[in-house]
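Here is the structure we will look at.
Residue numbering restarts at 1 for every chain, and letters A, B, ... go by the order of the sequence lines.
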Amino acid sequence: MKKLINDPRTVVDEAVAGFGQAHAAHVKVNADPLFVTRKDAPREGKVGLVSGGGSGHEPLHAGYVGYGMLDAAVPGAMFTSPTPDAIIPATIAANAGAGVVHIVKNYTGDVLNFETAAEMAEAEGVSVRTVLVNDDVAVEDSLYTAGRRGVAGTVLIEKIAGAAAERGDDLDAVAAIGNRVNNNVRSMGVALSACTVPHAGVPSFELADDEIEIGIGIHGEPGRHRIPMESADGITARLLGPVLNDLAPIAGDKVLLFVNGMGGTPASELYIVYRAAAKLLEDAGLVVERSLVGNYITALEMQGCSISVLLLDDEMTELWDAPVNTPALRWGM
Amino acid sequence: MKKLINDPRTVVDEAVAGFGQAHAAHVKVNADPLFVTRKDAPREGKVGLVSGGGSGHEPLHAGYVGYGMLDAAVPGAMFTSPTPDAIIPATIAANAGAGVVHIVKNYTGDVLNFETAAEMAEAEGVSVRTVLVNDDVAVEDSLYTAGRRGVAGTVLIEKIAGAAAERGDDLDAVAAIGNRVNNNVRSMGVALSACTVPHAGVPSFELADDEIEIGIGIHGEPGRHRIPMESADGITARLLGPVLNDLAPIAGDKVLLFVNGMGGTPASELYIVYRAAAKLLEDAGLVVERSLVGNYITALEMQGCSISVLLLDDEMTELWDAPVNTPALRWGM
Amino acid sequence: MVNTTLDVTWAIDWLRKSAAVVAEHRMALIELDRAIGDGDHGENLDRGFSAILEKLDAEAPATPGTAFKLAAMTLMSKVGGAAGPLYGTAYLRAATAVGDAVELDAATLVAALTAARDGVVARGKAEAGEKTMIDAWTPAVDAATAAADSGAAPAEVLAAAATAAEVGAVATEPLIARKGRASYLGERAIGHRDPGAESSALILRAAAQAAGVEA
Amino acid sequence: MVNTTLDVTWAIDWLRKSAAVVAEHRMALIELDRAIGDGDHGENLDRGFSAILEKLDAEAPATPGTAFKLAAMTLMSKVGGAAGPLYGTAYLRAATAVGDAVELDAATLVAALTAARDGVVARGKAEAGEKTMIDAWTPAVDAATAAADSGAAPAEVLAAAATAAEVGAVATEPLIARKGRASYLGERAIGHRDPGAESSALILRAAAQAAGVEA
Ligand SMILES: Nc1ncnc2c1ncn2[C@@H]1O[C@H](COP(=O)(O)OP(=O)(O)O)[C@@H](O)[C@H]1O
Ligand SMILES: Nc1ncnc2c1ncn2[C@@H]1O[C@H](COP(=O)(O)OP(=O)(O)O)[C@@H](O)[C@H]1O
Ligand SMILES: [Mg+2]
Ligand SMILES: [Mg+2]
Ligand SMILES: [Mg+2]
Ligand SMILES: [Mg+2]
């Protein structure tokens, strides 16, 4: 394992410290317990948005702390959800009296830890609503599993719910728009290579030289199945098929197309996939109204990507376009 | 080789096409010859800024086309400078009558092709100035080589010269500020792994499991020397040492610290390096006034990073802070 | 002579021995979790139990209940992931079950183990056979109950629990997971042992060893 | 019977044979460039010469000069990198040197080769011994001149040039590079053949073969 680190045990602390210094104009870092807040949190009268989860998905979540998106982010250990003792103070720091929305990816660990934290924050007088993200269609038969996983849709939910909070929506409204985005977004991913978690020191799985893993998650966990390597156009069709099947859009629908890099894939490849996906969407009669292409929710240095499609309505588009000013997503200001 | 591509021969064309679609609000793509311009180019009365070079360094250069940065970018084949037949029309498209500045990284191929294009554009009535970027201190003894290479400093030059052009500076003034940035920035890089150019299909060099390449360029070309893997803090010191030696700042100087990812390194590792570098700069009595951390000039999926230090003056800082609105760098609007 | 009760010395020793066995099996648990999860289970528990050791060096719990509570709070705040809240709840419920008792007899021990298991079920909503740590805990609780019912001493109760947990952990191998990260794998989880069941067996064996049972 | 002049048929055949040999050695040239450069030399030239083949299928140059000019323009616009402008300039200068001539005699051929080499020197500012394509071209020009001076026919002139270029390419191996990408490597370039010198030798050998010289 070759990594630009000093010690597997201090990776997250040092990375978040560096992040805080580099983005001191946007954020404040609380070192112990570890969480990141907007520099100006809490914002008078505004519903607070808090997310968090295992580290290794950068820029998620701390990169989205700032105007128009998150008020606080709670980074856990690598690929491990954070604990209530960090989520609780982050929630309190984000609360300006209007309550806090937790955006939680649907993994047992995240759900349990955020659940506990929400209960305890409520006990301290903070109203908490939870938006559970479960956009990953790779998980088949989710009735018999812990449910679908939350993946790239998280970024879209944080942006759109963040804009709703920023414009002054109340607690239930912010949670409602978050849930609406979740209900209208589906994602699926592919890995060309595994990633190596620093504390493990070995790749999270083995892939042969000509194999790829379809339906990969963002934790280096295995996916749906393994197939021989094929063309970008072929892979795009394999990812987009289940997404559209599940989303069941109708011709004329407006969509946001999000091609997300897993961390180790060059931008040029992501744009090749974007091109193929946009073509398939257009062939299906859909209108690609908005786009996002890049490394926005990663799995360390994994090679691969995910494709997400969000069915837009006018309000979501307006909230998507609203100004945002965070270390990793910024426009309009 | 596993890559999200359809055919090594169409990688650049497809990627730039996808890029153009995803960023249709910012750019226009001319398919043959291949170049990218601002959607609103040429901008009345404004000096045009054109850059280009081999592909594989995304988001450089096309990602920096837009308000406050480049007017046109010319992507060559993978790691191969573009040809005059593309640079000339891009130059003409960027010319609004006030002339055009070429920002050229110092490689024989780039220099020769841009030189020819500049001559021919001049023959067509466009005044051209060239800013040659050569910030890489990894090249020792540059008297006996083709000179120093242009690497990450390019991004800073494009931003700052772009802001100068946007505020209305004339041709010589824009070229002068570009040269001033070049004279005040130094960079050095490290590779933990090689990258694989699609047409070659094999990694650009071999590194043992515990070896890293110090002084790497951005084309997968070998660097200064090879050493056993060491800590992020140790590597940071090795990169920053030559940079500061050459730049020779004095205590109290204000600097911009730029930690650039080579494409395959997780953001968390870049922030660990940033933290170490910021500490070393502070120990040297320097003031880190501005920061940039991320994949801004890459070598495909190479793992590694470069560290650049730019000695700021008030004007550079002001131009750095000026609004910019491109696919890959955006603030203030 | 066989002790008829276990006290705080045992509880502390259990936690210390748990920390040791988790540290020793850190990579093995990571390997199990790599195969059907995200490869952090050994790291997570090791981080948690190391923190317990630090706490124990700083403060000496006075009763088994306080020791369990210390473990619960530390695991809850240091482990994260699924295992943190689940193990945290297990120790918390065990603490509640034993209350202020200074000496734990076999029946109290069984009550503590049962409460721990019920806590995991309540938090994780998993049933037996879903390839989770429950598949170690439930046979352990059953075996412990049977042993106590037939008059066994605490050490024997724990030995029975540990052995049953070990068998239970091995028995997760042919299962398809229905809860936790391994559930996303469907049939690909078959043939792999559940990491949480394995760590549960290791920790229950540590409990028996702390009570004087030979490995 | 040995031809005393070469015409456009030869020039076109040279370009076609160059395209074939470059395609055949594509990976070998990539490998040479990987070792001390960026691994694209074979790809770059193959892209350029493939484009020349397409042009030649579409239009038939009437004179050697037009053929060289076609090659120059195509290489200039399709190759990129260092090799594109350098080879482009070489063919352009060769075209100028032969002018409208329909038949090229040995002296004109030498003039063309010399102009080509001088063009590369003018563009790239490299001297002999700096581990570039000049180290193939300069011995080639010298050998061609000597052959022509001693009354050799064009085919023999080209054969002498090709052989000298091959020797020159091999002789770049012990050199440290002073120009181009390999110059950044310092002593690490020692032991590797310069890719541009190698491709120059291949192309000059193609010229001789097009003139009827056996491989
Ligand atoms: N719902 C659940 N109920 C009981 N145990 C569970 C549940 N979900 C997961 N587990 C246990 O947690 C273990 C995984 O723990 P760990 O790897 O630390 O957490 P994570 O899955 O968040 O990475 C599994 O092996 C399983 O035994
Ligand atoms: N200044 C120069 N003068 C002559 N030849 C040069 C010069 N610079 C580079 N070359 C030649 O170009 C070759 C490299 O070509 P190529 O790989 O296509 O371009 P690049 O270096 O831009 O990738 C070198 O092997 C060398 O022979
Ligand atoms: Mg985990
Ligand atoms: Mg090149
Ligand atoms: Mg795990
Ligand atoms: Mg090359």
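Two rings, from C/Trp14 and C/Phe49, have their centers 6.0 Å or more apart.
Of the listed residues C/Lys179, C/Lys125, C/Met76, the one with more heavy-atom pairs under 4.5 angstrom with chain A than any other is C/Met76. Taking C/Gly39, C/Pro85, C/Ser77, C/Ala83 one by one and counting their heavy-atom pairs under 4.5 Å with chain A, the maximum is reached by C/Ser77. Ranking C/Thr89, C/Ile176, C/Asp38, C/Asp46 against chain A, the residue ahead of the rest is C/Asp38, based on heavy-atom pairs under 4.5 Å. Of the listed residues (A/Pro84, A/Gly53, A/Ala200), the greatest number of heavy-atom pairs within a distance under 4.5 Å of chain C belongs to A/Ala200. Taking A/Leu112, A/Val111, A/Thr108, A/Val197 one by one and counting their heavy-atom pairs under 4.5 Å with chain C, the maximum is reached by A/Leu112. Ranked by heavy-atom pairs under 4.5 Å with chain C, the list A/Val202, A/Asp136, A/Asp110 is led by A/Val202.
Here the shortest heavy-atom pairing between A/Thr80 and C/Gly81 reads CG2-N, 3.3 Å.
Residues C/Glu198 and C/Lys131 are not paired through a salt bridge, judged by the lack of any N-O separation under 4.0 Å between the basic side chain and the carboxylate. A salt bridge links A/Asp246 to A/Arg148: one of the charged nitrogens lies within less than 4.0 Å of a carboxylate oxygen.
Using a 4.5 Å cut-off between heavy atoms, C/Asp40 contacts chain A through both its backbone and its side chain. Heavy atoms closer than 4.5 Å to chain A are found in the side chain of C/Glu31, but not in its backbone. The contact between C/Ala35 and chain A is made entirely by backbone atoms, counting heavy-atom distances below 4.5 Å. In this structure, chain A has heavy atoms under 4.5 Å from both the backbone and the side chain of C/Arg123. A/Thr116 touches chain C through backbone and side chain together, each having a heavy atom under 4.5 Å away. Heavy-atom distances place the backbone of C/Ala177, and not its side chain, under 4.5 Å from chain A. Of the two parts of C/Met27, only the side chain, counted from C-beta on, holds a non-hydrogen atom closer than 4.5 Å to a non-hydrogen atom of chain A.
Using a 30° and 60° split on the angle between ring planes, A/His57 and A/Phe79 fall in the parallel class, below 30°.
Residue-environment remark: CE (A/Met120) stays at or below the threshold of 12 foreign heavy atoms within 6.0 Å.
Judged by the 6.0 Å distance and 45° axis criteria, C/Arg34 is not positioned over the aromatic ring of A/Phe205.
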inquiry  = One pair to check against side-chain contact (heavy atoms from CB on, under 4.5 Å): A/Leu239 and A/Val243. What are the steps and the verdict?
reply    = CA-CA 7 Å; A/Leu239 300 184; A/Val243 163; 5.7 Å; no
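Checked by atom type and distance alone, the side chain of A/Glu124 never pairs as donor or acceptor with a backbone atom of A/Ala121 at under 3.5 Å.
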